[in-house]
Enquirer: 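I have a structure here, written as structure tokens, and I will follow up with some questions on it.
Worth knowing before you read on, the calculation uses all heavy atoms, side chains too, and leaves out hydrogens, waters and symmetry mates. Naming: A, B, ... by sequence-line order, numbering from 1 per chain. Computed from a prediction, not measured in an experiment: that's the story for all the values here.
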Amino acid sequence: MTAVPSGGFRAPKGIPEYVGPEFTTVRDTLVREADRAGYAHIELPVFEETALYARGVGESTDVVSKEMYSFDDRGGRSVTLRPEGTAGVVRSVIEHGLDRGGLPVKLRYAGPFFRYERPQAGRFRQLQQVGVEAIGVDDPALDAEVLAVADAGFRALGLRGYRLEITSLGDASTRPQYRAELTRFLEKLDLDEATRERARINPLRVLDDKRPEVREQLTDAPLMVDHLSDEAAAHHAAVKRHLDDLGVAHVENPWMVRGLDYYTKTTFEFVHDGLGSQSGIGGGGRYDGLMAELGGRPLSGVGFGIGVDRTLLACRVEEAGLDTAARVEVFGVPLGEAARDRLVGIVGALRRAGIRADLAYGSRGLKGAMKAADRSGARFALVLGERDLEAGEIQLKDLADGSQTAIALDGAAAAVDRAVHGD
RNA sequence: GUGGGUGUAGCUCAGUUGGCAGAGCACUGGGUUGUGAUCCCAGGUGUCGCGGGUUCAAGUCCCGUCACUCACCCCA
């Protein structure tokens, strides 16, 4: 990274900044697909009381136990910068009784989340997510819809090099027995102390260890998908059938685990292979117990979170979805002060007409101003000098083919409007 | 939290056994005081990440530190 002069400020560690249109293009494309499926916008607090996450996300998760930005506010209340979105959405649904109307409640959100982690490629302390939640209906078709919305977002960006991995984490009726069986299996393995500790906290977590020596030992591990209740198994089969109907490609990955405790039944992750270690560009699943856990009615929900930062990285890797739109459509090139004064008014009129326009400020030479026009991405340059002022004209130059025509100064904005919109 | 790698111009980087701080790109101006994207010419602003040490001499060697980065872990 570049050196900063002593005394210079820099952004806090692990916090990315976005300059230019790429970030919003990715974020808004993902959001648009949720809008199409009828998800309403919800704007949530960026911090909540700490207990919400401790209870909702789960004390045993790494996110809660060692990655939260928690602090006491001036009133002595412990608050936490939101590490994920689902707990906040569920809290809001309960608090405002949104689940008393028609179900499911379908909401989508976008914004920054915070986790105190060691930064890495695709891993930030302030991460941007787009997410949806559909609460109140336990229907496998809804799981499939959520997955289809995420998939449509990635495809709308032109992404192709990702896959959807899916599995079921079962429900409360058989998970405890499975968990006990897995624990007995893991106890027989040759594992280091840190991994044993993880197994004690949550044995499922060990299943997706990436180290080859651990993976080898896990090939015969009991899997949740083989221990599903009849209901969970039927749900899982139905989700996959709906995905096939929707044309959403997916692969079963029975070793996949989510790091957040609230997931049940359907869980999934979108994986991109071009990103190095942090390959998950989105993930989520169904949560049967979260509403009740947070004091609401015992309703099931399903949702996803997509990492906008990682999706942006994936777009760069695939060179997809990031056609940089021109900053403006028309660029004014004045020669001299009188021309500049007149162009300021014309550019203003163009903007009022809904045309994106800019002009060369300062005292640049003609050549420099033309260069600026070129860099702006504008299709047209409006060149105005003394000669034109005397003739009552302005030069409209098509920067794509170099052709130039004189148009009357009076009503120039309307003429430019016609040229921009194709005659 | 653990383990590697790297810090030189706005960006990407070169810099020999320790001996004058460099290139390309970008930027600004000019060639053409009325025309961009091509071409030619000119122009540089760097605490060589920071602090200490060794040396006649440190971008270069040593120690520390900070930052960035990759992997583990975790997850989006």
Enquirer: Across all strands, who's sitting opposite B:U32 as a Watson-Crick or G-U wobble pair, both distances under 3.5 Å?
Expert: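 Paired with no nucleotide.
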Enquirer: How many Å lie between NZ on A:Lys210 and P on B:C75, as a whole number?
Expert: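 That distance rounds to 10 Å.
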Enquirer: Which is more 5' along RNA chain B, the nucleotide nearest A:Ala11 or the one nearest A:Arg310? Just name the residue.
Expert: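 Going by which nucleotide is closer to the 5' end, it is A:Ala11.
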Enquirer: Whole Å only: how far is the CG atom of A:Asp62 from the P atom of B:C74?
Expert: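 These atoms are roughly 6 Å apart.
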Enquirer: What is the pairing partner of B:U2, taking Watson-Crick or G-U wobble pairs with both distances under 3.5 Å in any strand?
Expert: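 B:A71 is the nucleotide pairing with B:U2.
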Enquirer: Measuring only the C1' atom in each nucleotide, how far is B:U8 from B:G15? A whole number of Å is fine.
Expert: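 Pairwise C1' distance, B:U8 against B:G15, rounds to 9 Å.
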Enquirer: If the C1' atom of B:U55 is compared with that of B:C63, how far apart are they to the nearest Å?
Expert: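 Nearest-Å result for B:U55 against B:C63 at atom C1': 16 Å.
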Enquirer: Tell me which of A:Ala372 and A:Tyr263 sits closer to the 5' end of RNA chain B, going by the nucleotide each one is nearest to.
Expert: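 Upstream on the strand: A:Ala372.
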Enquirer: Between A:Arg118 and B:U69, does any side-chain N or O lie under 4.0 Å from OP1 or OP2?
Expert: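 It does not, given that no N or O in the side chain of A:Arg118 lies less than 4.0 Å from OP1 or OP2 of B:U69.
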Enquirer: Paired with B:C61 by Watson-Crick or G-U wobble geometry, both distances under 3.5 Å: which nucleotide is it?
Expert: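 Answer to the pairing question: B:G53, which forms a Watson-Crick or G-U pair with B:C61.
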Enquirer: With distance as the sole test, does A:Arg27 use its side chain to make a donor-acceptor pair with the main-chain N or O of A:Val308 at under 3.5 Å?
Expert: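 Such a contact is absent between A:Arg27 side chain and A:Val308 backbone.
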Enquirer: Write down the distance between CZ (A:Arg125) and P (B:C73), rounded to a whole number of angstrom.
Expert: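 Distance check: A:Arg125 CZ to B:C73 P gives 19 Å.
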Enquirer: Centroid separation under 6.0 Å, is that true for the rings of A:Phe380 and A:Phe331?
Expert: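 Between A:Phe380 and A:Phe331, which both carry aromatic rings, the centre distance is not below 6.0 Å.
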Enquirer: To the nearest angstrom, how far is A:Leu275 atom CG from B:C75 atom C1'?
Expert: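 Taking CG of A:Leu275 and C1' of B:C75, I get 13 Å after rounding.
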Enquirer: Can we say A:Glu48 and A:Arg82 salt-bridge, meaning some charged N sits less than 4.0 Å from an Asp/Glu carboxylate O?
Expert: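 Answer for the salt bridge query: no.
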Enquirer: Which letters describe nucleotides 28-34 of chain B, given B = protein heavy atom under 4.0 Å from base, S = only from sugar-phosphate, - = neither?
Expert: S-BB--B
Enquirer: Does A:Tyr116 have A:Arg125 sitting over its ring (NZ/CZ under 6.0 Å from centre, angle to axis within 45°)?
Expert: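 A:Arg125 over A:Tyr116 ring: yes.
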Enquirer: Both distances under 3.5 Å, Watson-Crick or G-U wobble: report the partner of B:G44, or none.
Expert: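 Because no pair has both required distances under 3.5 Å, B:G44 counts as unpaired.
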Enquirer: In whole Å, what separates the C1' atom of B:C73 from that of B:G1?
Expert: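 Looking at atom C1' only, B:C73 and B:G1 are 8 Å apart.
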Enquirer: Find the partner of B:A21: check Watson-Crick (N1-N3 plus N6-O4 or O6-N4) and G-U wobble (N1-O2, O6-N3) distances, both under 3.5 Å, and reply none if neither fits.
Expert: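 Matched B:A21 with nothing under the 3.5 Å cut-off.
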Enquirer: Please confirm whether A:Tyr178 and A:His227 have ring centers closer than 6.0 angstrom.
Expert: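 Yes - the distance between ring centres of A:Tyr178 and A:His227 falls below the 6.0 Å cut-off.
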Enquirer: What distance, rounded to whole Å, do you find between the two C1' atoms, one in B:A26 and one in B:C68?
Expert: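 Here B:A26 and B:C68 have their C1' atoms 23 Å from each other.
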Enquirer: Reckon A:Leu399 touches a base, only the sugar-phosphate, or nothing at all at heavy-atom distances under 4.0 Å?
Expert: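 Base, at least one base heavy atom under 4.0 Å.
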Enquirer: What distance do A:Asp138 atom CG and A:Ile135 atom CD1 have between them, rounded to the nearest 0.5 Å?
Expert: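 A:Asp138 CG to A:Ile135 CD1: 13.0 Å, rounded to 0.5 Å.
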Enquirer: To the nearest angstrom, how far is A:Leu359 atom CG from B:U35 atom P?
Expert: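 Computing the A:Leu359:CG to B:U35:P distance gives 20 Å.
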Enquirer: For the residue pair A:Asp171 / A:Thr264, report whether a side-chain donor-acceptor contact shorter than 3.5 Å exists.
Expert: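 No donor-acceptor contact under 3.5 Å links the two side chains.
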Enquirer: Roughly how many Å apart are B:C39 and B:G34, using the P atom of each and rounding to a whole number?
Expert: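 My reading of the P atoms in B:G34 and B:C39 gives 24 Å.
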Enquirer: Tell me what A:Glu117 touches on the nucleic acid: a base, only sugar-phosphate, or nothing, going by heavy atoms under 4.0 Å.
Expert: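 The residue A:Glu117 makes base contact.
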Enquirer: Which listed nucleotide (B:C68, B:G36, B:A76) is nearest to the side chain of A:Asp309?
Expert: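 Selected nucleotide: B:A76.
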Enquirer: Report which part of the nucleic acid A:Lys66 touches: base, sugar-phosphate, or nothing (heavy-atom distance under 4.0 Å, all strands).
Expert: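 Contact class for A:Lys66: none.
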Enquirer: Whole angstroms only, please: what is the OH-P distance between A:Tyr116 and B:A76?
Expert: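 To the nearest whole Å, that distance equals 20 Å.
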Enquirer: Run the side chain to side chain contact (heavy atoms under 4.5 Å, CB included) check on A:Leu290 and A:Leu299 step by step: do they pass?
Expert: CA-CA 8 Å; A:Leu290 187 57; A:Leu299 297 172; over 6 Å; no
Enquirer: Heavy atoms only, 4.0 Å cut-off, all strands: where does A:Ala121 land among base, sugar-phosphate and nothing?
Expert: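 Result for A:Ala121 = sugar-phosphate.
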Enquirer: Could you tell me whether A:Gly402 contacts a base, only the sugar-phosphate backbone, or nothing, with contacts defined as non-hydrogen atoms closer than 4.0 Å?
Expert: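 Result for A:Gly402 = base.
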Enquirer: Please state the C1' separation for the pair B:G52 and B:U69 - nearest whole angstrom.
Expert: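 The answer is 26 Å between these two C1' atoms.
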Enquirer: Among the candidates B:G36, B:A76, B:C73, find the nucleotide nearest to the side-chain atoms of A:Asp209.
Expert: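 Ranking B:G36, B:A76, B:C73 by closest atom to the A:Asp209 side chain puts B:C73 first.
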Enquirer: Reckon A:Phe124 touches a base, only the sugar-phosphate, or nothing at all at heavy-atom distances under 4.0 Å?
Expert: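 Counting heavy atoms under 4.0 Å across all strands, the contact made by A:Phe124 includes a base.
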Enquirer: Under 4.0 Å, heavy atoms only, any strand: does A:Gln278 hit a base, just the sugar-phosphate, or nothing?
Expert: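 If one applies the 4.0 Å heavy-atom cut-off, A:Gln278 turns out to touch a base.
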Enquirer: When rounded to the nearest Å, what value does the distance between P atoms of B:C13 and B:G49 take?
Expert: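 The answer is 15 Å between these two P atoms.
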Enquirer: Any side-chain N or O of A:Arg123 less than 4.0 Å from the OP1 or OP2 oxygen of B:C70?
Expert: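 Looking at the OP1 and OP2 atoms of B:C70, neither is under 4.0 Å from any side-chain N or O of A:Arg123.
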Enquirer: I need the CZ-P distance between A:Arg82 and B:A76, as an integer number of Å.
Expert: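 Atom CZ in A:Arg82 sits about 15 Å away from atom P in B:A76.
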Enquirer: Checking all strands, does A:Gly122 fall into the base, sugar-phosphate, or nothing category for heavy-atom contacts under 4.0 angstrom?
Expert: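 The answer is base, as A:Gly122 lies within the cut-off (heavy atoms under 4.0 Å) of a base atom.
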Enquirer: Say whether A:Arg211 and A:Thr195, considering side chains only, have a donor N or O and an acceptor N or O under 3.5 Å apart.
Expert: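 Yes - a donor-acceptor pair under 3.5 Å links their side chains.
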Enquirer: Consider only side-chain N and O atoms of A:Glu165 and A:His250, and report whether a donor and an acceptor are under 3.5 Å apart.
Expert: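 On atom types as modelled, these side chains do not qualify, holding no pair under 3.5 Å.
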Enquirer: In whole Å, I'd like the distance from the CG atom of A:Asp208 to the C1' atom of B:C73.
Expert: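 In whole Å, B:C73 C1' lies 11 Å from A:Asp208 CG.
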Enquirer: What interatomic distance, in whole Å, is found between P of B:A58 and the corresponding atom of B:C41?
Expert: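 After rounding to an integer number of Å, I get 37 Å for this pair.
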Enquirer: Could you check which of B:C73, B:G36, B:A76 has an atom nearest any side-chain atom of A:Asp374?
Expert: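 Nearest to the side-chain atoms of A:Asp374, counting from C-beta on, is B:G36.
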